[in-house]
Amino acid sequence: MLDINLIRKEPDAVRAMLTARGGSANSLDAILTLDVQRREILTQSEVLRATRNTVSKEIGRMSDPAEREARKMEMRSVGDQITALEADLGGIETQLADLTAALPNMLDPRTPIGPDEDHNVILRVEKGSAPEVTFAPKMHDELGVALDMIDFERGVKLSGSRFYVLNGWGARLQRGLIAWMLDLRQEQGYAERYLPFMVKQQTLFAAGQLPKFRDNLYHDAEEDFWLVPTAEVPLTNLHGDEILDVADLPRLYCAYTPCFRREKMSAGKDVRGIKRGHQFDKVEMYAFTRPEDSDATLEKMRADAEETLRKLGLTYRIKQLCSGDLGFGSRITYDLEVWSPGCSEWLEVSSVSNVGDFQARRAGIRFRREKGAKVEFVHTLNGSGLGLPRTVIAVMENYQQADGSIVVPEVLRKYVGTDVISKK
RNA sequence: GGAAGGAUGGCUGAGUGGUUUAAAGCGACGGUCUUGAAAACCGUUGUCAGGCUACGCUUGACCGUGAGUUCGAAUCUCACUCCUUCCGCCA
């Protein structure tokens, strides 16, 4: 949610942001008009309320019955006026809130301007320590079936297309990665949380998923339960409606959750393997910081995500998203993409964003610098650390051997329970 | 799923239609006293939104949420949510 004061004072900056993101600025004038109307009506109704409050107290003290009745009559009509004004006000505030909630976040000055993903900027490529695959590499789905790690048929039987079952070493490789990454996050200073995988509507609104991304969410038909599309949603709301102690900032969290997304996936794209599905696992990083610390925390989180790939020995690159490709709530985003020789593709495994106070405003997450000081909104940041299926793919394809077996990266061996995954 | 009870400020807790401007206590913060601390005493102590030549003053809203009754609601009515306890069911 943008600050209404910002929209009021710097409408041109907001308009420029909307254009840079490739959106329409049509609602802006309506917002400004409604904002003026709102304040006018609010002032009128408050003056009437003040009158009624005063007179009502006088009525309580009056002894003359005729006088008393006369004043009651007067106040009855004042009450009617207040009711009418507040009905108008309610309508205006609803419209204003709907329009404002649909506005995306302002851009960080470092975010490059561009219309679409072709204008994202590759900042750097880091070569991994894993030995290069010198033979014709296989894709992970082929490897997975051959080594009995992935069962596509039974996944489809259970839940339909894009679902799969991980068998034996496949399941262990994923579980090992999750456990190892959570332990790594712990060392990096993130406190682990185990979270609800279903949340209520308000929780999704505060994280900026609703109302805009309603079509991408799964929810229960009878009760107010929505499946989380990312751990970012419950993590944002962990401190919703709280005023945090400045001594506790920054607060860093990590959490493992499955993620559920209703995506309209085109038939020809990403059909092979486990790259994209309606359900996937992820370890998430999240931070609540003072405004002046969020830039540094963004760099820390990016570095922490990078450390994961470096320790796994994988080659990756860092991409900075341009304005047209940036997420709704983000001011600035780095994507981490890992090289996977089987599918011969850079796979997005992490996205690290500084959200500024955008979610904090929606969720009411504040802090106070000192006793008696005004409350201020915190900044929040989120980053994947990392998305699982694609990390699994990258490990499988990068560490495959000519004989069809897969070497388990050093750091994962005690988590997975073997050095090499091979045909039994 | 059934039954009963409850929800008031940072915490405890009073208030059942008009001196409530939400009592009192605790805590926290500031001060006096002290070599220092404690004790004692004095003072301060929420959030949100308006307005005002504005580091302050002022108006309104907020007693779980939303409606309603009334000149006036923490207080009365209705609906809902959540919590606690008991029963049932269950991993």
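Basis for what follows: all heavy atoms, side chains included, without hydrogens, waters or symmetry-related copies. Naming convention: chains lettered A, B, ... in sequence-line order (proteins, then strands); numbering from 1 in each chain.
Checked for salt-bridge contact, A/R362 and A/D357 miss the test: no charged N lies under 4.0 Å from a carboxylate O. A/R71 and A/D64 are not joined by a salt bridge, as no carboxylate oxygen comes within less than 4.0 angstrom of a charged side-chain nitrogen. Between A/E263 and A/R261 no salt bridge is recorded (no basic side-chain N to carboxylate O distance below 4.0 Å). A/D304 and A/R185 are not joined by a salt bridge, as no carboxylate oxygen comes within less than 4.0 angstrom of a charged side-chain nitrogen. The pair A/R368-A/E376 does not meet the salt-bridge criterion, since no charged nitrogen lies less than 4.0 angstrom from a carboxylate oxygen. With respect to A/R369 and A/E292, a salt bridge is recorded, a charged nitrogen being found less than 4.0 Å from a carboxylate O. A salt bridge links A/D35 with A/R39: at least one charged nitrogen is closer than 4.0 Å to a carboxylate oxygen.
Only the C1' atoms considered, B/rU20 is 13 Å distant from B/rU8, to the nearest whole Å. Going from the C1' atom of B/rU12 to that of B/rA7 covers 15 Å, rounded to whole Å.
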Between the protein and nucleotides 54-56 of chain B, list every N/O to N/O distance that falls short of 3.5 Å.
none

Kindly give the atom pairs (protein nitrogen or oxygen, nucleotide nitrogen or oxygen) under 3.5 Å for nucleotides 80-83 of chain B.
none

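Across all strands shown, A/R361 has no heavy atoms under 4.0 Å from either base or sugar-phosphate atoms.
Nearest heavy-atom pair across A/C259 and A/K282 is SG-CE, 3.7 Å. Across all their heavy atoms, A/A287 and A/T297 have their closest contact at CB-CG2, 3.7 Å.
A/Y218 pairs by the ring-ring contact (aromatic ring centres under 6.0 Å, His included) definition with nothing, not counting sequence neighbours.
Checked against the 6.0 Å centroid threshold, A/F358 and A/F328 count as a close aromatic pair. Side-chain rings of A/H239 and A/Y253 approach one another, their centers coming within less than 6.0 Å.
Between A/R38 and the phosphate of B/rG50, there is a side-chain N or O to OP1/OP2 separation shorter than 4.0 Å. Residue A/R39 has a polar side-chain atom (N or O) positioned under 4.0 Å from OP1 or OP2 of B/rG51.
Taken residue by residue, residues 94-104 of chain A places no heavy atom nearer than 4.0 Å to RNA chain B. RNA chain B lies under 4.0 Å from at least one heavy atom of each of the following residues of residues 40-60 of chain A: A/L42, A/T43, A/E46, A/R49, A/A50, A/R52, A/N53, A/S56, A/K57, A/I59, A/G60.
Counting only Watson-Crick and G-U wobble pairs whose two distances sit under 3.5 Å, RNA chain B takes part in these stems of three or more pairs: B:1-7 with B:81-87, B:10-12 with B:24-26, B:27-32 with B:40-45, B:46-52 with B:56-62, B:64-68 with B:76-80.
Across the protein-nucleic acid pair, A/E86 atom CD and B/rC62 atom C1' stand 13 Å apart, rounded to whole Å.
The A/R76 side chain lies nearest to B/rC71 when the options are B/rG50, B/rC71, B/rU47.
Relative to the six-membered ring of A/Y334, A/R302 meets both conditions, a distance below 6.0 Å and an angle of at most 45° to the axis.
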